[in-house]
Amino acid sequence: MIGGITGSQDISYMLLSGFFVFFMQAGFAMLCAGSVRSKNVMNILIKNVLDACIGCMAYFCFGWAISYGTKDSSSFSGEFAGEGWFFLAKGDHDASFTNWHNFFFQWAFTAAAATITSGAMAERTAFQAYIAYSIILSGFVYPVVVHWIWDTAGWLCNWKTDKDGNDDTLNGVGMHDFAGSGVVHMTGGIAGLMGAAIVGPRTGRFDASGRPMAMPGHNAALVVLGTFILWVGWYGFNPGSVLAITGDAAVSVARVCVTTTLAAASGGIGAMILNYSLYKVWDLVAVCNGVLAGLVSITAGAYALQPWAAILSGFVGSVVLWASSKLLLKLKIDDPLEAFPVHGACGAWGCIAVGLFADEKLLGNENYGALLGGGGKLLGNQILGICVITLWVSVTIGGLFFTLKMFGMLRASAEEEAAGLDESKHGGSAYNMEPSKV
Amino acid sequence: MIGGITGSQDISYMLLSGFFVFFMQAGFAMLCAGSVRSKNVMNILIKNVLDACIGCMAYFCFGWAISYGTKDSSSFSGEFAGEGWFFLAKGDHDASFTNWHNFFFQWAFTAAAATITSGAMAERTAFQAYIAYSIILSGFVYPVVVHWIWDTAGWLCNWKTDKDGNDDTLNGVGMHDFAGSGVVHMTGGIAGLMGAAIVGPRTGRFDASGRPMAMPGHNAALVVLGTFILWVGWYGFNPGSVLAITGDAAVSVARVCVTTTLAAASGGIGAMILNYSLYKVWDLVAVCNGVLAGLVSITAGAYALQPWAAILSGFVGSVVLWASSKLLLKLKIDDPLEAFPVHGACGAWGCIAVGLFADEKLLGNENYGALLGGGGKLLGNQILGICVITLWVSVTIGGLFFTLKMFGMLRASAEEEAAGLDESKHGGSAYNMEPSKV
Amino acid sequence: MIGGITGSQDISYMLLSGFFVFFMQAGFAMLCAGSVRSKNVMNILIKNVLDACIGCMAYFCFGWAISYGTKDSSSFSGEFAGEGWFFLAKGDHDASFTNWHNFFFQWAFTAAAATITSGAMAERTAFQAYIAYSIILSGFVYPVVVHWIWDTAGWLCNWKTDKDGNDDTLNGVGMHDFAGSGVVHMTGGIAGLMGAAIVGPRTGRFDASGRPMAMPGHNAALVVLGTFILWVGWYGFNPGSVLAITGDAAVSVARVCVTTTLAAASGGIGAMILNYSLYKVWDLVAVCNGVLAGLVSITAGAYALQPWAAILSGFVGSVVLWASSKLLLKLKIDDPLEAFPVHGACGAWGCIAVGLFADEKLLGNENYGALLGGGGKLLGNQILGICVITLWVSVTIGGLFFTLKMFGMLRASAEEEAAGLDESKHGGSAYNMEPSKV
């Protein structure tokens, strides 16, 4: 899937898809900005902007090399990390490098993975700590996961081949994570969970008896804008991950558009029903998060799931979102954007959904979805993938945040937090409204 | 036009166009949010988000089948409604269905049609009533109109053929509604008019003597953002409606981009001139609506009109917008977004403009624009189309709203309306601003 | 580069790129709106909307003809201005015109050039004066610059040919301004500088002793939204300027995406480092402007610079932004959006960067970057180009603004400025927030 792209048509489509994926940065930024209190808006926004900038440099210097830097599957390093093309440079680079479009497309995904975390740690994290995280995730932690699952040399990749080009996938199928429910969203979501847990809840988020106190965001219009931009961006994310458009690929790309849409819609509807049933409120932010949960839930299976399974995945995603959200509150973990529920928990669910519902013909493998009669090999691999991603990201990013905490560098001071990070760190307020006459 | 698309190039272009069309959801959402009072922002936004979600399901289940579900033009049902592919499923679906891109593209148009109405009924409509409307319009009312005018079996379609593939169009030309001034915008606009009229004006919109009282929206920046996003989205809407890009189609697509742009610009300029001449105000919201009026006015004729006619259509559109807006106020119909003037009235004007100005060579039919010497057949068909769309949508959607009103389910209570729908139905305010220090 | 585009694939890519370029209008609008005080939001927004509308008409009537209206390089007019296709009409237009995509793509660039200026003159300029500017720039001043540098007949064009089709470039290389650091950004930026200098600073911007007083914008979220939209739009601007995607062009387009990205990122990082080093503030707006400075700085060299040079260009761009900003304050010129520093100064730097760093193979000319051993001819031409653009725009647009000032038509009255232009000229406030209960 990664290799063999030749025609300009395919390159054109991947670049355009990359533009849509990058547009998701604007979506994340608006979603984050709207979901925090007005005194911390500039703080979250500068993190979002610098995510894209710093992550870009880290990916250029190290990330791309670790992700896709070697195709030699016979060596240990080949299976667990790439090893070439640091700084996009290697030998005859000037003359022959024709892989710019892949670099661009993959960088846009990296930026998406990195930015997920900012929401989980919003409103109380030290700025420098976030910069450190951004470099490590974009340049090292995420690229390793990519290599495992998306590079043809990766040990979990579902199109891994040996030296002679024969199929060499784990259990004859590998892990099928089409556009990154696991690779991208779980990586970002688990990193966010580590961050939220280690930095601790915002002051006042839980009362003395441990009950959560509402801390609503400051601007619902920005939340909706962000949600729609993300939805639009997902049409680069999922269909673009076919990595081709010529020939039969066009039909696949179009099918992926449809499954993506259906899951988004059913996730939103699921959240609407769930929240009205439980709380008698037509909850806008919950519906927006439900849409995103649906989108995350279909990201792994957008290619291999039939429409009915896409609808089911999205709907279950909205339940997973709700349940994992409740669980976080029980654990007194404060995740202001629900970044872990949406991206981490639904990311895992998306991987499992493939193991359950992957269609034999669409997947093109006899080890297809367990509930459709394809046996347990695929499902086993999917669960294995979830476990190793969780472990890898928890240890590396958790270790980073823990170390920063030990040195007192992870959390803003109580005074800064109370005053708002914008006043204390960013030179003023995000909003300076003249008094309105109306 | 609908049939015969083969190459991946065409599919690629239609999908990308579909992404732009879907992006219009974000535009409508921002336009609506900015145009209402701040106490009803979440209410209008959740309608916009759920439009896309619920409309998607309704279109998946029923709408697509009714729109394009049969090609058998010899049967009655063939001319007036499709009859197959409910739930995207029919017989050998898994193996051979290659029409995903058309489904996706048409769904994006459905979402646009459905969401137009929310603005006309803003700030006082019961949430459940709107959900019911959304299902009925997306799943039934709009698809029927699509079938009439865009399906090769439809009785008004301008490329209708008989069983032997010979031309079978009404009066030798059918109705030419290229991208949907009538099909999409009038359908949404008439539905909005029915809604606004039946639900009644917002409390306080007209004083005791019947004079309209200003109820300005709360955020002009969102109105402009929405307008620009819609303008951008229109570059999916109109050029994408060529449904192809290969060969000569590319020149047509590019020409449609130009006519669309010229009409948008002249609509905005028209509104500027009109409003400054009459009221000595450089009215931002009026200019934005003028741009949209220009775009709606060129949507039917983007393919068949020369640039000069596109400019004229857009300019007249801004006058139609103003006049129909005045008329609504005279009739004490309260349409907060001017959804009927922009989409309904200018939609009708766009259809008429085709009857007047369609170029012989561009249209490819000897029954071309009446004012250019092409006789009255095309114009007659256009007017017939306007009438039947008006009648069909009025009866079905008007009937729905009337029924809901009879059961007391259409309008929020006076208390809820006064408090704002956000507080009473959606769990709080859209905005929670910390006091600014500046 | 302008000529010889045939296939539908290329047309398709240029149109899609044009959509992204036009989307930058939304980005500029949000950037401007967020950067001004809340009492002048509608004023700046209506200028942004009408820029697009009025500029479109001016470009349709005159601009296109002057930009690309003749290919006869033997005549004087051929070298300095085009002379045909006014109103997109000439002789056999209906039958044979197939250049719609170029018109569309170039119009989108025109709109970008025109709208840059609004920011520099924000919050105190008379509305009618801006309309006059908009027509003159889009219809005449900018098209002349385009003709010089981008039309094959233009005297500075780097693919100028004589009547027999032989290379006829100035000093054997011409000026290489790939996507318009000079043509688009300097033109807009210099016009803005003229405007800001001639209209004078906002009341209160400098105190009695001449020290600048802070006048922060009113909404940082809109600034970030605008920045991200502009960044996304730049993926139409730069890669689209390859004007083709078929064959080897695809690799070039992809490479341009990468250099554009790297420069944006390094510009943002440069601004972060610079502002924290100097002022100990993590300055969001400065980082956003740094990203834009990086993008402007790479626009001329996106095609001919290696990745390392792109990173360097962007980084230096952030320094140029800072230094030119300081200089403006020293000169007591008030440019609320930093439009001249970002677009004018960094635009000039972008042109120079090409003269310094253009790669021999990528440029395809033996007169390549001076610092890479390519001699001084290219650098000389780049500096010549900067000088003539500066001179041309200063004289024409400066003359216009000076004349308007002489007649008292350039600046809003002191009362209007104090009250805010929205109340005095646009019928009210952009914001009408109900009191929040929280």
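By convention in this document, chain letters (A, B, ...) are assigned in the order of the sequence lines, proteins followed by strands, and residues within each chain are numbered from 1.
Both the backbone and the side chain of Leu45(A) come within less than 4.5 Å of a heavy atom of chain C. For Phe105(A), no part lies under 4.5 angstrom from a heavy atom of chain C. Heavy atoms of Ala264(C) lying under 4.5 Å from chain A belong exclusively to its backbone. Interface remark: Tyr13(C) contributes side-chain atoms only to the contact with chain A (heavy atom separation under 4.5 Å). For Ile311(C), the part lying under 4.5 angstrom from a heavy atom of chain A is the side chain only. With a 4.5 angstrom heavy-atom cutoff, Ser12(C) does not touch chain A via any of its atoms. Only the backbone of Asp283(C) comes within contact range of chain A, judged by heavy atoms closer than 4.5 Å.
Of the candidates Trp234(C), Phe23(C), Tyr235(C), Trp231(C), Phe23(C) is the only one forming a ring-ring contact (aromatic ring centres under 6.0 Å, His included) with Phe23(A).
Comparing Val232(C), Val256(C), Val253(C), Val41(C) by how many heavy-atom pairs each has under 4.5 Å with chain A, the most go to Val232(C).
Residue Gln25(A) holds its CD atom at 5.0 Å from CZ of Phe228(C), rounded to the nearest 0.5 Å.
Between Phe19(A) and Phe19(C), the ring center distance fails the sub-6.0 Å criterion. Ring centers of Phe20(A) and Phe20(C): under 6.0 Å apart, within the cut-off.
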Inset, instruction - May I have the step-by-step check of ring-ring contact (aromatic ring centres under 6.0 Å, His included) for Tyr431(A) and Tyr431(C), ending in yes or no? - result: CA-CA 13 Å; Tyr431(A) 298 100; Tyr431(C) 298 101; 9.2 Å; no

